[in-house]
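Owing to the predicted nature of the structure, the values given are computational and were not obtained by experimental measurement.
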Amino acid sequence: MTRHELDGDGREGAVKVLVVDDDAFARASVVTLVERHVGQVAAASGTAADALARFRPGVAQVAILDLDLGIGPTGVDLAVQLRKRQPDLAIVFLSVVPDPRLIGVDPSLVPAGSVYFVKSDLVSGSDLREAVALALLRVAGARSPQRQVPRSALTDSQVELLRLLADGYSNKEIARRRVVSEAAVERSITRLVHRLDLPS
């Protein structure tokens, strides 16, 4: 892929991008970065349903998707549907979380070749340009550096416990949901606190 193919100057050969983010400010920011540093925005949507309604095979070469799209389908759900319609669609996920399991997303469902980017690491347009270039290389089957979907050192069980605690569930409610004793939940929380080096 040559550099000019990623130029956002409106030329005919510019990469066309679908942007989906449920946050209007974040969506507008990504659209601006795409237009300045990557290519042309083919469409921008705030929901998975709207994106699917507007998407036609060939309308875009790349989809830049927020991982958490609010209530309803996730960015991964959307990516799976988009790939069914267009198998050669390059996919870049943007997320506020370093591990998708923290928001209930199973990393094994992420379409092959996708690039995962944590929003706080997105410092400049060149960062987004590199992520898009990597996603295009992967979908084309080229050998490229791997930016794997991140996975913290926590187990799935520990991630689920963190999610329940973050959602405000009491130890008793967590024990009922996990079909264990409250004492077992307390021990798990103690181990998690030590594992994350948090103040007790």
Distance check, rounded to the nearest 0.5 Å: [X] atom [atom1] versus [Y] atom [atom2]?
X	Y	atom1	atom2	answer
I64	L18	CD1	CG	9.0 Å
L89	F55	CG	CZ	5.0 Å
T47	D66	OG1	CG	12.0 Å
L109	S114	CG	OG	11.5 Å
L65	D22	CG	CG	11.5 Å
S95	Y116	OG	OH	3.5 Å

Quick one: does [X]'s side chain get under 4.5 Å of [Y]'s, heavy atoms only?
X	Y	result
V110	F93	yes
V80	P111	yes
L69	L78	yes
D68	T74	no
V30	L94	yes

For [X] and [Y], indicate whether the former's side chain and the latter's backbone hold a donor-acceptor pair under 3.5 Å.
X	Y	result
E130	G125	no
R129	V38	no
E182	A175	no
S29	F25	yes
D23	A26	yes
Q61	K16	yes
R138	A112	no
E173	S170	yes

| field | salt bridge (charged side-chain N to carboxylate O under 4.0 Å, His left out) against R176, all qualifying residues, sequence neighbours excluded | value | none
| side-chain contact (heavy atoms from CB on, under 4.5 Å) between R85 and L52, worked out | CA-CA 10 Å; R85 295 185 185 185; L52 285 171; 4.0 Å; yes
Heavy-atom closest contact ([X] atom, [Y] atom, distance):
X	Y	answer
Q86	V59	OE1-N, 4.5 Å
G39	A14	CA-CB, 4.2 Å
A44	V31	CB-CG2, 3.9 Å
A53	R56	O-NH1, 3.0 Å
V139	A90	CG1-CB, 4.0 Å

| said: Show, in sequence, the C-alpha distance, side-chain angles and deciding distance for L136 and V15, and conclude whether the side-chain contact (heavy atoms from CB on, under 4.5 Å) test is met. | reply: CA-CA 10 Å; L136 286 165; V15 171; 4.0 Å; yes
| query | Is any side-chain N of the basic residue among K119 and D21 closer than 4.0 Å to the acidic one's carboxylate O? | reply | yes
| said: Regarding D88 and R83, does a basic nitrogen lie under 4.0 Å from an acidic carboxylate oxygen? | reply: no
| task | Evaluate the criterion side-chain contact (heavy atoms from CB on, under 4.5 Å) for residue pair H37 and L128; output intermediate values, then yes/no. | result | CA-CA 8 Å; H37 302 279; L128 188 60; over 6 Å; no
| request: Start with the C-alpha gap between V34 and V19, add the side-chain angles, then the distance that decides, and say whether side-chain contact (heavy atoms from CB on, under 4.5 Å) holds. | output: CA-CA 9 Å; V34 167; V19 176; 4.3 Å; yes
| request: Any salt bridge (Lys or Arg N to Asp or Glu O under 4.0 Å) involving residues 45-55? Give me the pairs, sequence neighbours left out, ordered by first then second residue. | output: D50-R54
